Amino acid sequence: MTRLPVSVVRLFAKLLLLAAAWPLASHAQPAAAAAPMPGFGVMVHYLPDKQSIGEIRRFDVEAFANALADMRASHLILTLGQNSGQYIAPNAALEVLCPASAANRPPRDLPLEIGRALRARGIALILYLPFRAPQSDRALMQCLGDVSEQEPPPARFIAAWSSVIRDWSERYGALASGWWFDGTYNTKGITPAGWEMFCSATRAGAANRWLAFNAGEGAERFSAKSAPCQNLMAGEYMQPPAHLAGPPSELVLHVLTPLTASWGREAPARFTASQLRSWIAEAAAARGLFTLDMPIDAAGRFVPAHVALIKSVTATARP
């Protein structure tokens with residue numbers, strides 16, 4: 001008989017402990033999350049590896065939420081973390097699976113605070129997370145059982161990552177209107193059972209969430225369906241066309257582009273008010289979403305000139 005490595009045995013034992021609690025949560029009827037309204041939204045790349053974990057305590061949630069309301073945003077896409085291995089919220093499942101990684105998560109639950117502030121203002125929260133383990137944290141990748149995002153994901157990683165996503169999904173419940181997964185480059189070999197595990201985790205706590213899986217940027221990939229449970233175009237488009245239109249698709253139209261030269265970069269806006277006004281109107285007419293990535297500082301403050309531009313565009317977009 002082939003003997004499994006001790007690390008693999010321990011990982012499966014931890015997953016069994018986590019899975020044992022899942023049926024308990026399933027007895028409760030999931031709450032309904034607030035769906036994003038068609039039209040304009042904002043994405044922010046708030047990453048602890050820019051500000052450091054300690055900087056999260058400086059984030060002014062009320063000022064941040066007020067700015068979004070002033071810009072008449074219907075939704076926010078918020079990065080829980082990217083590929084550094086640092087996340088802006090605690091996660092009990094990740095702490096069980098990989099205890100050493102807990103130092104890279106703050107005690108402050110920033111997404112919970114932001115979600116509550118947005119709900120009070122009628123703004124939907126969509127959570128951002130890479131589809132794979134943090135590619136720059138080799139220890140966490142090994143602990144979760146993952147490999148390069150260009151290679152097929154191992155089954156044990158899908159099980160581990162699903163438990164992490166489920167923890168956040170249940171924690172935020174109806175405060176989270178969706179998930180936006182980046183780097184969905186290789187899904188070869190994921191079984192129907194694996195997809196069911198992953199998709200079930202994304203809907204835990206709120207059954208009707210928007211789910212986007214990003215296969216890459218540009219005309220050929222912004223509208224791709226990369227997961228069986230996907231219902232929203234990922235939308236990544238660095239140079240959107242003059243007029244928004246997606247190919248015939250079962251997915252809701254979505255276009256996501258940075259306001260400045262790149263994601264999260266503090267620089268002058270590269271679009272005119274006329275361009276933005278046209279895109280927002282076309283997205284709304286198609287019952288879709290148009291999202292601008294906008295830079296913020298460690299305290300959650302937007303660039304004043306950016307805010308002024310967006311307010312001039314959206315002032316008459318909605319009552």
Side-chain angles (χ1 to χ4, degrees), residues 36-47 50 68 71-79 82-83 126 128-131 135 149-150 178-186 210-227 230-296 302-303 305-314 317:
M37 294 292 290
F40 168 68
V42 172
M43 180 183 200
V44 294
H45 277 70
Y46 183 73
L47 301 175
K50 282 185 178 180
L68 291 169
M71 291 187 286
R72 296 179 179 264
S74 71
H75 60 277
L76 169 73
I77 302 178
L78 174 68
T79 48
Q82 282 196 294
N83 283 315
I126 298 173
Y128 169 110
L129 200 66
F131 182 65
Q135 299 289 292
E149 63 187 1
Q150 302 298 332
W179 282 99
W180 198 96
F181 292 102
D182 207 357
T184 315
Y185 303 130
N186 193 328
W210 291 115
L211 301 175
F213 293 78
N214 186 34
E217 185 274 334
E220 295 183 358
R221 291 181 286 188
F222 86 104
S223 60
K225 183 172 183 177
S226 301
Q230 183 171 348
N231 54 19
L232 176 69
M233 293 180 185
E236 184 181 353
Y237 220 139
M238 287 299 296
Q239 297 294 334
H243 298 286
L244 298 188
S249 174
E250 65 191 88
L251 305 179
V252 172
L253 174 70
H254 180 213
V255 171
L256 165 66
T257 194
L259 178 61
T260 65
S262 189
W263 307 100
R265 180 180 299 176
E266 186 170 335
R270 63 194 180 106
F271 302 126
T272 66
S274 178
Q275 285 177 296
L276 296 174
R277 192 174 292 112
S278 175
W279 284 328
I280 292 170
E282 288 173 350
R287 304 295 297 171
L289 310 181
F290 178 77
T291 307
L292 283 176
D293 178 76
M294 298 177 64
I296 55 173
F302 291 95
V303 177
H306 294 170
V307 174
L309 171 64
I310 300 305
K311 287 174 67 175
S312 74
V313 169
T314 60

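Bear in mind that the values here come from a model prediction, so they are computed numbers and not experimental data.
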Distance, nearest 0.5 Å, that separates CZ of Phe40 from CG of Leu276: 8.0 Å

Rounded distance (nearest 0.5 Å) linking atom CG of Leu129 with atom CZ of Phe181: 6.0 Å

Within-4.5 Å side-chain heavy-atom neighbours: Ser226 and Phe131: no

For Arg277, all residues meeting side-chain contact (heavy atoms from CB on, under 4.5 Å), sequence neighbours excluded: Ala273, Val313

OG1-CG distance between Thr314 and Leu309, expressed to the nearest 0.5 angstrom: 9.5 Å

Gap between atom CG of Asp293 and atom OG1 of Thr79 - 0.5 Å precision: 9.0 Å

All ring-ring contact (aromatic ring centres under 6.0 Å, His included) counterparts of Phe302, not counting sequence neighbours: Phe64

pair Pro295-His306: side-chain heavy atoms closer than 4.5 Å: yes

Working for side-chain contact (heavy atoms from CB on, under 4.5 Å), residues Ile310 and Met294: CA-CA 10 Å; Ile310 300 305; Met294 298 177 64; 4.0 Å; yes

Distance, nearest 0.5 Å, that separates CZ of Phe290 from CG of Leu244: 6.5 Å

Note, Leu251 side chain near Ser223 side chain (heavy atom, < 4.5 Å): no

With a 3.5 Å cut-off and sequence neighbours excluded, list the donor-acceptor pairs that the side chains of residues 252-261 form with protein atoms.
from: His254; atom 1: ND1; to: Met233; atom 2: O; distance (Å): 2.9
from: His254; atom 1: ND1; to: Ala234; atom 2: O; distance (Å): 3.2
from: His254; atom 1: NE2; to: Thr291; atom 2: OG1; distance (Å): 2.8
from: Thr257; atom 1: OG1; to: Tyr237; atom 2: O; distance (Å): 2.7
from: Thr257; atom 1: OG1; to: Met238; atom 2: O; distance (Å): 3.3
from: Thr257; atom 1: OG1; to: Arg270; atom 2: NH2; distance (Å): 2.8
from: Thr260; atom 1: OG1; to: Ser262; atom 2: O; distance (Å): 3.2
from: Thr260; atom 1: OG1; to: Arg265; atom 2: O; distance (Å): 2.7

Under the side-chain contact (heavy atoms from CB on, under 4.5 Å) test, residues paired with Glu220 that sit two or more places apart: none

Partners meeting side-chain contact (heavy atoms from CB on, under 4.5 Å) with Gln82 (sequence neighbours left out): His45, Leu47, Tyr128, Asp182

Expected output: side-chain Gln135 to main-chain Glu149 donor-acceptor under 3.5 Å: yes

Enclosure of Glu266 CD (heavy-atom neighbours >12, cutoff 6.0 Å): no

Salt bridge (charged side-chain N to carboxylate O under 4.0 Å, His left out) contacts touching residues 240-260 (sequence neighbours left out): Lys225-Glu250

Trp279 side-chain N/O to Pro241 backbone N/O, donor-acceptor pair under 3.5 Å: yes

